[in-house]
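Atom set for the values below is all heavy atoms of this structure, side chains included, hydrogens, waters and symmetry mates excluded. If you read the sequence from its start, that first residue is 1, and numbering goes on from there.
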Amino acid sequence: MGDIKTHGGIATEVMALLKKARPNENYMFFELGNFLTDVSQFRDPSAFCSGKIVIWNTGREDHWGSTLKTANMHTFLTDLMGKPRTHGSLAQWFERVIFAIGCEKFRKLGITPDDYEDAYKLYFTQYWPHEHLDFPPWPYKSALGDRTVSDAAIHKCDSPPQEPSAADGGAQKKSDQDKCWIRFLVMDEGSQTPMPGVELRVRTPDDAIKDYVTGDDGTVDIRGFKHGKCSVTCHVQDMVLERTFQFKSAKAFAQVVNPTSANTGSAGAGGQPRFRIADVTEYIVGKNDTLKKIAEANGMTWQKLCQFNFGTSVATEVNKALRTKVGATRKSADGQNMLFSDSDKTRNVERPGRIYIPKQWSLLNLDVDKTHVIYAKKIVKGPDPTPAAATGGSEEKKGTDKKGKTDDKEKTSGRKVLKYLDEQIVYVAELLTVIEQEWTKLVRQGDSADNKRARNRLLTRYGHASHAAEDFYFHSNFIEIAWSRLNRPLPSFESDTQSQRIFYRRKRAPAAEKGSMSTTKSFEAGSICTGAFGSEDINHTLMDAIENLADDMDKLPTQFQGPLSNLTDESKRRKLRDKGERGKFLDEYRKNAKNADTWIEASVAAGKLHRKSADALKEAFKIDNRVFDAYGGILFKVPETIRSPFAFLVELLVLADIAHEQSEAQSAALNKKKLIEDARTVNGASAENIGCHSLLAKDSPKKKPLRRPAINVGTRLATYIAELMVRQVNRGKTAAAKFDDGTKKQSKHKALNTLDSTPGIDWLHLLQHFCCHPDDSEHKWYEKALDDKKAPTHYIVRPADRATIAKRVKEPKMQTLRQMYQTLEDAAEAEFQKLIK
């Protein structure tokens, strides 16, 4: 669980958009769904069932007061933590407390307590990782989980359909003047072989400027524009030397050279952009040269010069490159930076004494109906422009460690997204289909009280669906891989050693040794995945979750705020590590709990607490008091320090606080060593474990680097979904989709949709466009979205046929995922029963 306010900020933008387009709804229910998605994790049944095993196996004298293997202690744990399909007293206590917090929060935001209770009962769900697209603990007891790569096809947007003519319903014929073509063929000057994966920027006579990528045959083929002149270049933004070729010459041929199937598309056709061409000058450094002087003499900043030559502008990395690649040996007076010298050019390094300066080239006024061959040459050692490289591979082999060993579990076929994550995306697509279809029908049925209640429930589910889609970017390695593909340095305020190490580790996949996470290696991540929850990770997550409720606790009575503030405030929580302090604190709490009905009723009488909130708090204290009284006798002898849901929560948070402090101390030690490229799956700092939720999560102000880009991309997806959703809901009778009826051709189909049989959006197609690996993204849509939450999406909407809609509204994937987690509950319970016998 991240900071509730992070998703709340996105929800505010979504609600403003929806309200502008369709004002007659209470969109605060959207925020309620968003809120419930986060807080539902407090009753995760799989985690509670497996938690009994962890507690039983790791019970210690200094924390639990007596061994957990005392007779009948297992009965207490089952009461507290529950069993499959049955929530324990701790989850029940959480459910009542959060009800009260949410009721007070949302009644002040325009949701009546009755309507709040209606939605809460339905959508304060059992929490499964798929609600946040997180990594499920599947198969049971597996160290790494299922790392099978999705077999779904790589997403492709359809070309926009041609509008039928008024006369015959068919596509309008183009004049001969509209049938011009131009072909570009990029060739290696030395080997005379085609160069795939080279990005070209082309301007056609209609002044359309687009980026194209040469296919496996080295060509880009563009057709269907008016007669005139074309131009071609490569843009230099974020260019890096190893992926740049020297422009040499060009030649035009009247015939089609090296003909293949047309590569007519957009950026991404024929392979993802991996290489560029520039007019590059080699500069031999001398004693008085500096990077700044060289850059300014060539009209650029030193940061861009470093980015081109070394792929970074971070000072420590630049200095390292100057030593290892250019051969610099002299240091500045303060010892912080490397200096050039005349002797650098004699060093036995990769680029002795050489700095390379890129400038943009261009070919102007090119004739159409011709093939233009562009000859280029490799400048320095780097990846070869092979078809394999052109189809989106990184400069390192996918799934390999530093020694080149392949991680067989991450071989790529189809979408470079792990299978479990693609299945969860299917679940979200089903949910969006339900929302679109049901909301559209409800809007057409009027504004009765029942209808409004149904719409409010649906908006709550919509907030839940949007939250899950946003979490693809907050909980996965997408942002880090995208950032790397653009060769961007970390922002200056996020370039400290720890942030750089976290950035490095987020781009790696975990490795296991003898059934446990490896302390020696990891793998270069070949696929997109989200974070997993291990027992150590739960420590950090639980602490963050409790702290993030703090802002809403001021709406509850002070008698309840006081005890909870000892849990949400780090300094107060630290004092509770002392057994004496904790004993005093729990004694005071117990007095409050026994007298809860009195002070709760006083708050109601004073108008500070709604009746429904009051009843929920009373039930929470009733649960707590029952457990405390039931397990203190001779039969159980459970220590008071853990004897009730609240006491047990205090104990868990004390342990979590200690684990968090230990993790921070280890991180500080690694920072002191200036360790960045730390490839160990487990490095001693539990919040940095490769593949874990705490490492990958970016939806909290504490989480850096690249939190802001994650917010931008998440907002772009959420608002785009909202734009399409409200457009669908607002439509009336409209012409049927062109491919709506499989028995008729689009040219003759004139039918109108009925009120009950409406076309819909293929939400799975949409989600796969956005929720992908950056290498598979069309038009590199993420490049601008990282900085601009209103960036172009480059998405072409695809309609879903009625058969697909009918299947998806039944939410079959939800049922499959639910069964998976129930299987996990059953497996954990079976293991616990074996332990206690």
Side-chain angles (χ1 to χ4, degrees), residues 29-30 32-47 49 84-87 119-140 145-146 148 150-152 417-442 454 457-472 475-476 530 533 717-718 721 725 760-768 770-771 800 802-827:
F29 281 93
F30 179 93
L32 175 58
N34 173 56
F35 170 82
L36 291 179
T37 305
D38 254 342
V39 298
S40 285
Q41 71 172 299
F42 285 112
R43 57 193 308 222
D44 176 356
S46 177
C49 286
R85 267 72 81 198
T86 304
H87 289 298
Y120 190 87
K121 285 179 177 178
L122 291 170
Y123 304 124
F124 185 82
T125 63
Q126 294 188 25
Y127 169 87
W128 295 289
H130 67 251
E131 296 191 345
H132 292 271
L133 306 191
D134 284 318
F135 206 125
W138 182 272
Y140 183 64
D146 184 1
T148 305
S150 172
D151 56 4
V417 175
L418 290 190
K419 184 179 179 181
Y420 80 87
L421 188 51
D422 246 4
E423 290 182 338
Q424 294 175 7
I425 289 169
V426 171
Y427 148 70
V428 179
E430 291 175 353
L431 183 50
L432 288 172
T433 303
V434 169
I435 294 159
E436 175 202 3
Q437 294 296 307
E438 290 300 314
W439 194 2
T440 302
K441 290 179 183 179
L442 288 169
R457 289 175 176 177
L458 204 64
L459 286 171
T460 306
R461 293 203 77 192
Y462 181 19
H464 167 76
S466 184
H467 187 119
E470 295 156 25
D471 273 342
F472 180 83
H475 292 183
S476 80
T530 42
F533 284 91
L717 174 57
I721 289 174
M725 184 69 74
I761 290 172
D762 187 340
W763 293 105
L764 179 58
H765 184 260
L766 182 148
L767 288 177
Q768 288 181 335
F770 291 96
C771 301
R802 292 191 177 101
T804 298
I805 291 172
K807 180 180 179 180
R808 288 181 182 168
V809 295
K810 295 178 182 178
E811 299 183 77
K813 185 57 68 176
M814 162 63 89
Q815 306 309 318
T816 302
L817 295 173
R818 175 177 288 142
Q819 182 59 52
M820 174 190 290
Y821 285 93
Q822 289 178 349
T823 301
L824 288 170
E825 291 176 62
D826 292 339

* To do: Go through the side-chain N and O atoms of Thr433 and Gln437 and say whether any donor and acceptor fall under 3.5 Å apart.
  => no
* Check whether any side-chain heavy atom of Leu766 sits under 4.5 Å from a side-chain heavy atom of Leu717, and report yes or no. => yes
* Asked: Quick check: does any side chain N or O of Thr823 sit under 3.5 Å from a backbone N or O of Gln819, one acting as donor and the other as acceptor?
  -> yes
* For Thr460, side chain to side chain donor-acceptor pair (under 3.5 Å) partners two or more places apart -> none
* Quick one: side-chain contact (heavy atoms from CB on, under 4.5 Å) partners of Lys419, sequence neighbours excluded? -> Thr148, Glu423
* **Rounded distance [0.5 Å steps], OG1 in Thr816 versus CD in Glu811** => 11.5 Å
* So, does Glu825 use its side chain to make a donor-acceptor pair with the main chain of Cys49 at under 3.5 Å? -> no
* Please step through side-chain contact (heavy atoms from CB on, under 4.5 Å) for the pair His475 and Leu133, ending with a clear verdict. => CA-CA 8 Å; His475 292 183; Leu133 306 191; over 6 Å; no
* side-chain hydrogen bond (donor to acceptor under 3.5 Å, both in side chains) assessment of Tyr420 paired with Thr530 -> CA-CA 10 Å; Tyr420 80 87; Thr530 42; 2.7 Å; yes
* To do: Look up atom OH in Tyr427 and atom CG in Leu817, then write down how far apart they are to the nearest 0.5 Å.
  => 8.5 Å
* Asked: Which value, rounded to the nearest 0.5 Å, describes the distance between Trp763 atom CH2 and Ile435 atom CD1?
  -> 9.0 Å
* Would you kindly say whether Thr125 and Glu131 are connected by a side-chain donor-acceptor distance under 3.5 Å? => yes
* Counting distance only, does the side-chain N/O of His467 pair as donor-acceptor with the main-chain N or O of Asn34 below 3.5 Å? -> yes
* Enter the distance from Phe29:CZ to Leu36:CG here, rounded to the nearest 0.5 Å. => 10.5 Å
* If you take all heavy atoms of Pro84 and Asp826, which pair is closest and at what distance? -> CB-OD1, 3.4 Å
* Have Tyr123 and Ser40 got a donor and an acceptor in their side chains that come within less than 3.5 Å? -> no
* **Sidechain N-carboxylate O distance under 4.0 Å for Asp762, Arg808** => yes
* Taking only Lys NZ, Arg NE, NH1 and NH2, and the carboxylate oxygens of Asp or Glu, determine whether Glu430 and Arg461 approach each other closer than 4.0 Å. => no
* Asked: Can you list the steps and then say if Tyr120 with Leu32 is a side-chain contact (heavy atoms from CB on, under 4.5 Å)?
  -> CA-CA 9 Å; Tyr120 190 87; Leu32 175 58; 5.7 Å; no
* Structure fact -> Nearest heavy-atom approach of Ile425 to Cys771 is CD1-CB, 3.6 Å
* Where do Val428 and Ala465 come nearest, in terms of heavy atoms and distance? -> CG1-O, 3.9 Å
* **Asp422 side, atom CG; Asp151 side, atom CG - distance, nearest 0.5 Å** => 8.5 Å
* So, do Ile721 and Ser466 sit near enough that their side-chain heavy atoms are less than 4.5 Å apart? -> no
* To do: Could you give me the CA-CA distance, side-chain angles and deciding distance for His132 and Asp38, then say whether side-chain contact (heavy atoms from CB on, under 4.5 Å) is met?
  => CA-CA 8 Å; His132 292 271; Asp38 254 342; 3.3 Å; yes
* Asked: Once the angle between the rings of Tyr462 and Phe30 is folded into 0 to 90°, is it parallel (under 30°), tilted (30 to 60°) or perpendicular (over 60°)?
  -> perpendicular
* Asked: At their closest point, which heavy atom of Val809 faces which heavy atom of Ala806, and how far apart are they?
  -> CG2-O, 3.3 Å
* Asked: How close do Phe135 and Asp146 get, heavy atom to heavy atom, and via which atoms?
  -> CZ-O, 3.7 Å
* **Inter-residue atom distance Leu418.CG - Ser150.OG, 0.5 Å rounding** => 9.0 Å
